[in-house]
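Inspection log for the structure reproduced underneath, given as structure tokens.
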Amino acid sequence: MLPLRIRRYRPFLIGAFIILVLLYHVSQNSDWELSQSALYSPKKAPADSAAQDRLNVEYQPPQPPKPTSIAHEKQTTASAQPTPKKETGIRIPQLKTSNEVPGGFGLPTPAPTVGKAHDYSAAEESHVAVKLPDRPVPGTSDGGKPIADIENVEPTSTKEHWQKPSEWFPVPKESIIKLPTGKPKPIPTVQFNFGEESPEAKEKRVARLNKVRAEAQRAWSGYKKYAWGHDELTPVTRISKDPFCGWAATLVDALDTLWIMGLKEEFDEAVEYVKELDFTYSAHRSEIPVFETTIRYLGGFLGAYDVSGGEKTEAAYKILLDKAVELAEVLMSVFDTPNRMPILYYNWRPSFNENPKRASTRSGMAELGTLSMEFTRLAQLTGENKYYDAVARITNALEDLQNREDGTALPGIFPENIDASGCNRTAQAATNYDNLSDAGKQQVDDATDLNEEPQGYTAGMTAQDIQNGKDPLDLNGVTKRELNRRTPPPRSSVPGHQPPPWKGAKNQGPPRDAQGMPANWDCVPQGLVAGGWGAESYSMGGSQDSAYEYFPKQYLLLGGLEDKYRTMHEKVSAAVKKYLLFRPMAPGNPDILFSAKVTSYDHTDQKLNYEWEATHLTCFLGGMYGLGGKIFGSPEDVEIGRKLAAGCAWAYEVMPTGIMPEYSMVLPCAKADDCQWNQTAWYNAIDTEAEWRDEQLKKWEVNHAEWVQEVKMLKKEYAEAEEAAARARSEQEAKPKNTHQSGLNPGVHQGMQQDVDYHLTKRRFSEDDKIEVAKKVNKLEDELDLNNNIAGHGQQDQQQKPMSELLLPPEPEKPLSHEEYVEDRIKRENIPPGFVSLNDKRYILRPEAIESVFYYYRITGSPRWQDKGWRMFESVIAATRTDIAHSAIDNVAIASTSTSTSTSSTKDKDKDEDDDRKQTKPSFTDSMESFWLAETLKYFYLLFAEPDVVSLDEYVFNTEAHPFKRPT
């Protein structure tokens, strides 16, 4: 009987087995997981007959190549350029080389003749007149600017390694943009011509220098002991974290700092560890943050290589350049897109890496534009033009956008987010719709839901299946190809991608093909445009800052041989002066500047919304203006930079801790040349609801007057009632007292006593029972107040409860007046005069303010900048020093006190007095980012080092303060 049952169910068992096998293969398909890059995957051009056959079936991702180690590749290929694959069916946009002109757009301005440098022969501050436009001062925004810190990521369990993929969109060898060649142009000097130093000045400077070095050694020792080989130290809990792939970010970032400070033993130990780094694997992140990895790791290797001697360095330090090349080979894959714009968060795992990719539609301007120096310097050191080509194409695209009429709302500068995908999806959608048949257009117009399939579409079924009455849930006879088909979600579900407008209800996307994939990878090409839909933000702060910093620095790194970087910088400088710079109002009328944030909602500069911010990230701007003004011969820009650097130094000095907050708002002056302190205006900026508060106060005055009258009336009525009650008591007391009747129990009412006696006699109770019952009756009469006139109980009047206490309505709470509200807020939040709000009170060990102070000491030679920097240093160390290193803090507005008393004198003190004497300090946030050693402490050190230590006329810093050697 058993064999018969098996035979009966054999087809079902076989079918179930086949389905399980197919499902297993589907789960192994790398294309199963949806990513943005796979949504619009093209069919790669065939290179052989097998590839040609694949064009006849559904698109499948290419098979990953065999792993190729970088070391093996260097042995076999040395420095030979790999031969690009010839692609058919894919057209690479031919971006212009350094000598080409973008069609249809304005030419870059020609390189001007280098004129005579501005004379800074004396160590005096320049006071060149600076003319800024008058600023409209709208209502101040209180909106904060959250800072998105990269969280530590839990390690993954896989041991999968990066494999070098074959390129989908290779650049033909003849189209690679080459490094500019030739003798560097003469460029005006940056540094002041320092004279001989007096013994007193030297002693003071060296003492400060040694204190900075000691703090750097302290931070390094804490990292070495508790976080060696990890990205960051947590300086309070004494453990580590790895937000940057776990490749020892602090160690690599601090290499050149160790060398500059003369800590050679520590440097050699770190270099030895560098040899073990493996950039093909990360246990902590599946996506490489390209911007952070480039400026910290790649820049760290190159800076350490240059300061330790470069080509003349010891053989042991050659590993620094080798590691830079290894990392760069991994990062080069991010440029393999149709328009060669980079993927900024690179999923390095082969299952994702093998797929074709497009750049994001919301690329951060800073991340996109801050790769050029590192790849350019690597190209200079290795002779490999492919590294320069990768970043030169980004510069060309940015130049195109800057020159394009109506390219940006503020001509000359770029929005915070850039659409770098190269696809005009709006034009593509319209084109697709126009090319549809009438029936197809009707399908789209009839769709009412974003996720609704076109009418007549059934997943996995053909029209013939439907005509034949096939059950959509029946998997019998399904083929592998059908099972592998997946329907991607709408593009709106992909992070960072907004669905384009599409004719039809609710912005319905274009119809999908029978396989559920977007119909075409191809799209209408476009250059860079503003990312997202709607508002465009412009500022010199986070997400934009370092891209602008790199224009003049790249000019220096290329020896002045590429004029476009000067042109682009000068356009940025002019736009920032026109739209962003403003003078804040503050006591003492300091002559300082900050840079605002501007939002355009209509892609024009006609209706702009201003946020008068003072952010730590923006403090780099002083150094940028100073450097650009010096090398391009603009005294006005040098003076603007001085005022910007002084503004950030002022923001440090006026805060309770002596440290500038991460993000704050200040009060602007309408005119930069007429800016007098006005406390009334400051109060109005802190409290923009002054008029409403006055109205509430007037309403309270009316309500309070009514309450007073009501209370008076209630008290009068209560007094009258009390007086009547007193009269009644007096009359009662004046009545004659009755004596006890014979045979009555004391305190028992006569009538009730008669009833009690009758019942007791009739029922023949014992004498004891009679007495007990009489007591209970007496108690009941007392509760009923029947015995208040009985003789012997006259004192009971005194035991009567008084009249109920008078209950009054609550007094209306008085609202704060405008002045009271402002003064209370200033006291609670410790807001210094001139500031409107402290939106983000943290200090995370940032370097930008001391960076600009350093630049202006080297530019002007004035020791006043050293004094400013020293006050900043002392304040920072006092607030951030932990037992083992230094930590970011949560609130720079908490005032520290130095009150201290001996233990014996405080033992018997009141607790409140003891609390008043407690020291108040900001709280540690247990974070020490790698830029503390790489940038902040380095700039503090260089401020007090001899001027020829990393001279600005010999080196140029990347945005992570890694010094690259300028060509000579």
With sequence neighbours excluded, what pairs up with [X] under the side-chain contact (heavy atoms from CB on, under 4.5 Å) test?
{"X": "V949", "answer": "I260, L942, A945, E946"}
{"X": "A934", "answer": "D253, E960, H962"}
{"X": "R218", "answer": "E215, R881, H886"}
{"X": "Q676", "answer": "N589, D674"}

Taking it one step at a time, do L132 and L593 satisfy side-chain contact (heavy atoms from CB on, under 4.5 Å)? CA-CA 10 Å; L132 296 177; L593 294 174; 3.6 Å; yes
Under 30°, 30 to 60°, or over 60°: which ring-plane class applies to [X] and [Y], parallel, tilted or perpendicular?
{"X": "W220", "Y": "W228", "answer": "perpendicular"}
{"X": "F957", "Y": "F854", "answer": "perpendicular"}
{"X": "W870", "Y": "F873", "answer": "parallel"}
{"X": "W677", "Y": "W682", "answer": "tilted"}

In terms of side-chain heavy atoms, does [X] have a donor or acceptor partner in [Y] at a distance below 3.5 Å?
{"X": "D890", "Y": "T925", "answer": "no"}
{"X": "Y652", "Y": "R871", "answer": "no"}
{"X": "E662", "Y": "H616", "answer": "no"}
{"X": "R642", "Y": "Y856", "answer": "no"}
{"X": "T370", "Y": "S546", "answer": "yes"}

Answer with yes or no after comparing the ring centroid distance for Y857 and F944 against a 6.0 Å cut-off, counting only values under it.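 No, the ring centres sit 6.0 Å or more apart.
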Centres of the F594 and W612 rings: under 6.0 Å? no
Using the salt bridge (charged side-chain N to carboxylate O under 4.0 Å, His left out) rule, take K671 and D673 through it: C-alpha gap first, then chi angles, then the decisive distance, then the call. CA-CA 5 Å; K671 294 181 178 294; D673 55 356; 5.9 Å; no
Distance check, rounded to the nearest 0.5 Å: E848 atom CD versus M660 atom CE?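 With rounding to 0.5 Å, CD (E848) is 9.5 Å from CE (M660).
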Rounded at 0.5 Å granularity, tell me how far CZ in R858 sits from CG in D953. 9.5 Å
With a cut-off of 6.0 Å (strictly less than), are more than 12 heavy atoms of other residues, nucleotides or ligands near CD of E203?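 Result for CD/E203: open.
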I'd like to check [X] versus [Y] (side-chain heavy atoms, cut-off strictly below 4.5 Å). Are they in contact?
{"X": "I826", "Y": "Y683", "value": "yes"}
{"X": "W932", "Y": "V876", "value": "yes"}
{"X": "T234", "Y": "K241", "value": "yes"}
{"X": "N891", "Y": "T657", "value": "no"}

Not counting sequence neighbours, list each pair that qualifies as a salt bridge (charged side-chain N to carboxylate O under 4.0 Å, His left out) and has a residue in residues 193-202. E197-R205
Test salt bridge (charged side-chain N to carboxylate O under 4.0 Å, His left out) applied to K938 and D256, step by step: CA-CA 9 Å; K938 182 186 294 171; D256 48 27; 2.6 Å; yes
Could you walk me through whether Y550 and E374 pass the side chain to side chain donor-acceptor pair (under 3.5 Å) test, one step at a time? CA-CA 10 Å; Y550 271 29; E374 294 78 10; 2.6 Å; yes
Please determine whether a side-chain nitrogen of the Lys or Arg among D824 and R828 lies less than 4.0 Å from a carboxylate oxygen of the Asp or Glu. yes
With sequence neighbours left out, write down each residue that passes ring pair (Phe, Tyr, Trp, His ring centres under 6.0 Å) with F964, or none if nothing qualifies. none
